[in-house]
Each structure stands twice: as C-alpha cells, then as structure tokens.
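Throughout, numbering of the chain's residues begins at 1 and tracks the sequence. Nothing here was measured: the structure is a model prediction, and the numbers come from that model.
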Amino acid sequence: MNKVSISEVVDKLGVSKYTFKIYFLIGLALIFAGYNYMIVAYTMPQMSQEWALTKIQTGSLSSWSILGLLIGGLSAGVISDKIGRKKAFAIFVLVYSVLTFPVYYVQSFEAFAILRVLGGIGFGGCIPIAVTMMSESVPTKNRGYFSASIMAFYVLGWVVAGVVAIYIVPLLGWRVCYLVGGIPALYAFVLMSALPESTHWLLGKGREKEAIEIIKRMEISSKGQASDWTSETLVAPPPPNKVGVSALFSKEFRKASIALWVIYFMGSVVIYGINGWLPTLLVGKGYGLVKGYSFAVLQNVFGMIGSFVTGYVADIIGRRTNVIFGWIFTAVAILLLGYATNQWQVVICGMLVGMAMNWGLSGTQPLLAEGYPTEFRNTGVSSAQAFGRVGGFIGPIAAGFVQQIGVGFTGIFIFFAIPAVIASFVAFYMIDETKGRSIESIGRAKA
C-alpha cells in the first residue's frame, strides 16, 4: 500500500455515519454551551430589577461570561494541542456545567460576575476545539460546511435558552434556569467514552497505531470493511519551524492572524452585543416579556439557519467571498432593524439580523481552522476566538453606555452596524482563499 495522508483517506471515504457521529456528539455539547451562555440574556431584566442595576451594570451581566470565554479560548488551544482534542473538550464541558448551576444561589451582582467568568472558561474552551475537530474529521470538499455549521448547534442552544426562559421565568423565577444549566456535567463522561480523538493530532504526536485504529473504524462505517494498514502507511507532513502562540505571528502567518483576529473581534462585538441586549431592548420597547423573548428566540432560530447555510455556500463560492458577503449582509440587516417602526418590521428584520450575523461569524470558522498546521491549529483557532471575546466583552457594556447617553433604539443599532462593515473590509483586503485545499497543505503552503 502506498503512503497516504489522513486527508487523502478521509477524502476517499467521503461523508459517512462516522462523520455524523462526531458532528452530533460535538453538536450536543455546543447546544448545552449555547444554553448556558445565552440564558443570561433572558434573565437580565429580572436580575437588573432585583439588584437595582444601572444600564451599564445590566449590560455587563452578559459580558462577564465573555471574559471567561477569553480565558478559556486562550488556554484551550495550548491544552488541546498538548493533551488531545477529545480530553480537552470533555474537560471544558464539565467546567461550564458545574459552574453554572451555583448561580441559583447567588444573592449579589458581584457573586454572579465571579461565577460567570469561571463558567465562561468552559464555553471559551469548547468552541475552538469543536471547530478544529470538525475541520480535521471531514472530507476537503465538505470542510466548509461542517466546520461552519457546527456553530448552528451553539445557536440552537440560544433558542433552547429562550424557550426554557419563556416557561420557567414566569412560573418558577429566573434562578431555576441556572439549575438546568448543570445537567451537561453528565455529558462530559459520555464524550470521554464515545467521541473519537482527532487522527491528525494522533499522527502529529507519533501515535500511528491509535490513528490507524480510528481510520479502520472510519472505513468500516463507510464501506463495511477495513484495509490492512501498517504504521508505515500513513505519512505526516514535516513539522513547522515554530509552534505555539509565537508561531501565529511569525512571517508566514502574521497577515492571516491579524485579519482573523480583527474579523472575529468585530463580529463578536456585533453578535454578543445584540444577543445580550435584544430581549431587554424589546421588553423596553413595550412588547412584554413573553412577546419580547419570543421575538429574540425567533431571531436565533434564523441565526441557526444562517450558521447551517453559510458553510454550504462557503464550499461553493469560497471562504473569502462568503465572509465578505456575510458581514455586508449583517450591516444592512442591523440598520433595517434599527429603523423598524412596528411589530412585523421588528420580527422580519430581527430574523434577518439573526441569520446575517451568524452567517458572518460562522462563515469565519473555516478560515480559522484552515489557517494553521495541525501542530498549532487549535492554538490559532482559539487565540483568534479569544481575542474576539474581548470584542464580545466590550460590546454589551458599550451598548449600555451608548443607551445611557440617550441615542435611542435606532442609535444603538447604528452603533452595531459599524463593526460589521469593518469586518467585511478586512476580509476583502487581507484574507486569502483556502477553498479546496487539504488540511495538510494549507498550513505548509506558506512555510
């Protein structure tokens, strides 16, 4: 048998039951993560009233977990590149779960903030690992779809959070929503037993026998039988000159890193700011708790659709063009929502905003995963996402400040349209296309 790369094996097998097993195992963890993150947006009005918070403090309720996302993102890359994708992923799921349910007992703004920062470390670790694992587990021609659409599960968690809040908050109060958030702790143990490790990571660590065992399972799932593999059959690309965080800003990767960091920063200002504030803004506009929350849930349903569609389109028209379009679409949709004057305009424009901003941010995921070699791929993904969380942390607080100076409903959405425009310009001038290139070739093409 001739020497082949893992990408060649996966490309030949195509999408199989094995592919979807990984997809849904990771996806379910992201649903839980999305719920635990977004439940804050649906309990903000009650917490703000109970603790007599200012607008800026209210906005910061969503920002504390994003600070944790930043810490988790920074640590996830280094940890998963060292101990493996599967083990790190399960650990971060456990972290966000066990640190969410104690919020039920908090009696102050300060205690809430501490728990959300710590719990956010789990969210921040899960997301980049999920994107990296999908990019390393699927055929080249389908990589854009799977690595982008995996974020749809995270957005589905936002939808679940809204539905749960609509029924639980009026009947049992806001605190019970956080008890529900502790359930995924059990799922971390399911991941440890059922989720396969990345074959790219195993081969990069010299663990050929384990990589071959997983490849055999892929083959059996796809064609019913496995080939006669040996340790000498698989070929790994030569290691890069540098690894770790310092490699991200070496000569070969500096331009891509700067572009991806800026795009993710601007996108996070938009998506975390709008999602953090929209339920409260709609309640304040007179739609009432159930109706305001329902509008926000509907927005996230369309956000989920945007996350699914963007990966499919990226595999057709290319990652760069898709991201440029996604952020222009986002800016236009946000402005339309800001100028909406009646209920139906709010509903329709809100759906467009949900679809567009998730189209833009999820469409960026393939670019993150395809920008770096296996040895520090997840470091690259997680570092860009972690820097983006700074924007996610600033967004809700800045939006609170902008409201406090009296810009009104329209003004706050003009504020959110600006970073979307910046993201599209950065993608236009600084991003190189990676469509159709194997995982092994992308990182080394620059070296």
Do you know which two heavy atoms are closest between [X] and [Y], and how far apart they sit?
X      : Y      : result
Tyr96  : Ala29  : OH-O, 2.7 Å
Val103 : Leu115 : N-CD1, 3.8 Å
Ile431 : Ala259 : CD1-CB, 3.8 Å
Val138 : Thr19  : CG1-CG2, 3.6 Å
Ile39  : Ala165 : CD1-CB, 4.3 Å
Gly181 : Pro184 : O-CD, 3.2 Å

Quiz item: So Tyr23 and Phe20, would you call those rings parallel, tilted or perpendicular, with 30° and 60° as cut-offs?
Solution: perpendicular
ring-ring contact (aromatic ring centres under 6.0 Å, His included) with Tyr37: of Tyr272, Trp64, Phe32, Tyr42, only one passes, and it is Tyr272
Taking [atom1] in [X] as the centre, count heavy atoms belonging to other residues, nucleotides or ligands within less than 6.0 Å. Is the count above 12?
X      : atom1 : result
Phe401 : CZ    : no
Lys82  : NZ    : no
Gln345 : CD    : yes
Phe24  : CZ    : yes

Problem set entry | Ile79 and Phe92: CA distance, side-chain angles, deciding distance, side-chain contact (heavy atoms from CB on, under 4.5 Å) verdict | CA-CA 11 Å; Ile79 291 172; Phe92 283 114; 4.0 Å; yes
Any side-chain heavy-atom pair from [X] and [Y] closer than 4.5 angstrom?
X      : Y      : result
Leu61  : Leu53  : yes
Leu195 : Met133 : yes
Ser257 : Phe387 : no
Arg116 : Thr100 : yes
Ile26  : Phe153 : no
Asp11  : Lys141 : no
Ile83  : Ile91  : yes
Phe146 : Val15  : yes

side-chain hydrogen bond (donor to acceptor under 3.5 Å, both in side chains) test vs Ser198 passes for just one of Arg85, Lys86, Glu136, namely Glu136
Contacts under 3.5 angstrom, residues 170-178 side chains, donor-acceptor by atom type, not counting sequence neighbours:
residue : atom : partner : partner atom : Å
Trp174  : NE1  : Glu50   : OE1          : 2.9
Arg175  : NH1  : Tyr104  : O            : 2.9
Arg175  : NH1  : Val106  : O            : 2.4
Arg175  : NH2  : Glu50   : OE2          : 2.9
Arg175  : NH2  : Val106  : O            : 2.9
Tyr178  : OH   : Thr43   : OG1          : 2.7

N/O donor-acceptor pairs under 3.5 Å from side chains in residues 355-367, not counting sequence neighbours:
residue : atom : partner : partner atom : Å
Asn358  : ND2  : Gly354  : O            : 2.8
Trp359  : NE1  : Thr310  : OG1          : 3.4
Trp359  : NE1  : Asn322  : OD1          : 2.9
Ser362  : OG   : Ser307  : OG           : 2.8
Ser362  : OG   : Asn358  : O            : 3.0
Thr364  : OG1  : Gly360  : O            : 2.8
Gln365  : OE1  : Gln385  : NE2          : 2.8
Gln365  : NE2  : Tyr264  : OH           : 2.7
Gln365  : NE2  : Leu361  : O            : 3.3

| said: If you apply the rule side-chain contact (heavy atoms from CB on, under 4.5 Å), what do you find for Ile168 with Val180, and how did you get there? | reply: CA-CA 10 Å; Ile168 286 183; Val180 175; 4.2 Å; yes
[X] side, atom [atom1]; [Y] side, atom [atom2] - distance, nearest 0.5 Å:
X      : Y      : atom1 : atom2 : answer
Phe413 : Leu337 : CZ    : CG    : 4.0 Å
Tyr339 : Ile334 : OH    : CD1   : 13.0 Å
Gln107 : Phe112 : CD    : CZ    : 13.0 Å
Ile150 : Tyr145 : CD1   : OH    : 9.0 Å
Ile271 : Thr330 : CD1   : OG1   : 8.0 Å
Ser48  : Phe109 : OG    : CZ    : 10.0 Å

Has [X] got a side-chain atom pairing as donor or acceptor with [Y]'s backbone, closer than 3.5 angstrom?
X      : Y      : value
Ser147 : Ser135 : no
Ser149 : Ala152 : no
Ser75  : Gly72  : yes

Those residues at least two apart in sequence (or on a different chain) that pass side chain to side chain contact (heavy atoms under 4.5 Å, CB included) with Val402 are Val407, Ile412, Phe415
Residues at least two apart in sequence or cross-chain that pass side chain to side chain donor-acceptor pair (under 3.5 Å) with Tyr187, listed by chain then number, are none
side-chain contact (heavy atoms from CB on, under 4.5 Å) evaluation trace for Leu335 with Ile414: CA-CA 6 Å; Leu335 291 174; Ile414 293 174; 4.0 Å; yes
Worksheet entry | Pair Tyr154 + Trp158: ring centers closer than 6.0 Å | yes
Sequence neighbours excluded, the answer for ring pair (Phe, Tyr, Trp, His ring centres under 6.0 Å) partners of Phe101 is none
Mind listing the side-chain donor-acceptor pairs of residues 122-132 below 3.5 Å, one per line with the distance, residues two or more places apart or on another chain?
residue : atom : partner : partner atom : Å
Thr132  : OG1  : Pro128  : O            : 2.9
Thr132  : OG1  : Asn378  : OD1          : 2.4

**Request:** List the steps, then state whether side-chain contact (heavy atoms from CB on, under 4.5 Å) holds for Ile31 with Leu28.
**Result:** CA-CA 5 Å; Ile31 291 174; Leu28 185 54; 4.3 Å; yes
